[in-house]
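As the structure lists them, so they are numbered: ligands from 1, and atoms in each ligand from 1. Side chains included, hydrogens not; waters and symmetry mates left out as well; all remaining heavy atoms used.
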Amino acid sequence: MRIGILTSGGDCPGLNAVIRGFAKYAFNQIKDVELIGISDGYLGLITNDAKKMKPSDFSGILNVGGTILGTSRQPFSKMTEEDRNGESKLEKMKENYKEMGLDVLVTLGGAGTHKTAALLSSVGLNVVGIPKTIDNDIYGTDVTFGFHSAVDIATECIDRIHTTAASHGRTMLIEIMGNKVGWLTLFSGIAGGADIILLPEIPYDPDEVVKTVKRRIKNGSAFNIIAIAEGAMTVEESKMKKKELLEHRGGRSTGTELLARYIEETAGVETRVVVPGHLQRGGSPSPYDRLLSTEMGTFAGRLVKQGIYGVTVAMKGNEISYNALADIAGKMKFVPVGDQRIQVARAIGISFGDGK
Ligand code: F6P
């Protein structure tokens, strides 16, 4: 059996641990297996850039960040567009799947990767997905690998900001990754003891944020920690079209700086913005993610062995399971506004900037 494997979209800790788990399962449990490493995500499948891998290629990578296969973003919307020769990327991928002699393709990726995986499956390729992303936004799985490592990193950032915020009596805004969903901000915000958490799912009122800042100062807390998701929006911003929003923010993709200035001017407090950015995606996976990655990688191996295709691995409850790609592609897992963690946060006085 000849299996192609690729990693697509933004990287995250745990990709190599999944690749290793899958490869070890395949070499140990599937007869006459050949593993073909496809370079840079779907790009390698489009351009036929791949190489046969040996068992030793998968050793020593459990705790290594990034991906040994390389990755790239290949927008789903461009997959069926025809080039000058009238050929689409989808056509090229189909051709190269054949050319490489693949029996199955394993795709490690996030929401976009899953949409393309579902498309490939719908045109007859045997595909098994594995859900990756620090955003934890893949529909149908409780958790994605990479998420908890990012929670650990973001929490450490908030911890470190706490001490300097306290020394200077400042209001600090820590911008956490997640431009559509707020899982990472919610988890790290609570774990890091933020005073205010702002999520894309709960549009905020800047005056409510200022009110909380002033109230805390009045009550004797000299500093404030605000965990704000990249995609957080004010109520006003949430009604704007993309272009209008960008103009309103002076060309910036997030509203963090704008809010920081508003707080400084209105509450009269010294304010700073910290953007940990890609630090949240770099480095070694946490032990939790190493375990989850190994479980998900080996489970994908089992699906391949059993010939269960057109599916993606998932964690449901406490069990590894799977979903049909067609059922989850194009959907997103947002933070429900009534989420248990939101209730817990509100109960201990954390503000979501919505006056509730
Ligand atoms: O989807 C993962 C993610 O890290 C988002 O949280 C973030 O907004 C985005 O990728 C950043 O993408 P890029 O690495 O392309 O700048």
(request) Kindly check if the number of other-residue, nucleotide or ligand heavy atoms within 6.0 Å of OH (Y139) is above 12? (result) no
(request) Collect the protein residues that have a non-hydrogen atom under 4.0 Å from ligand 1 and hand them over in chain and number order. (result) R73, I134, D135, M177, G178, N179, E230, H278, R281
(message) Could you report the tightest heavy-atom contact between V64 and N16, atom names first, then the distance?
(response) O-ND2, 3.2 Å
(request) Could you tell me which residues satisfy salt bridge (charged side-chain N to carboxylate O under 4.0 Å, His left out) with K52, sequence neighbours excluded, listed by chain and number? (result) E34
(message) Parallel, tilted or perpendicular: which one describes the rings of F223 and H162, with boundaries at 30° and 60°?
(response) perpendicular
(message) Which residues pass the salt bridge (charged side-chain N to carboxylate O under 4.0 Å, His left out) test with R215, not counting sequence neighbours?
(response) none
(request) Show which residues join V127 in its hydrophobic cluster (side-chain heavy-atom contacts under 4.5 Å, direct or indirect), or state none. (result) L6, I36, I38, Y42, L45, I46, F76, M79, L90, M93, Y97, M100, L102, L105, L119, L120, V123, L125, L325
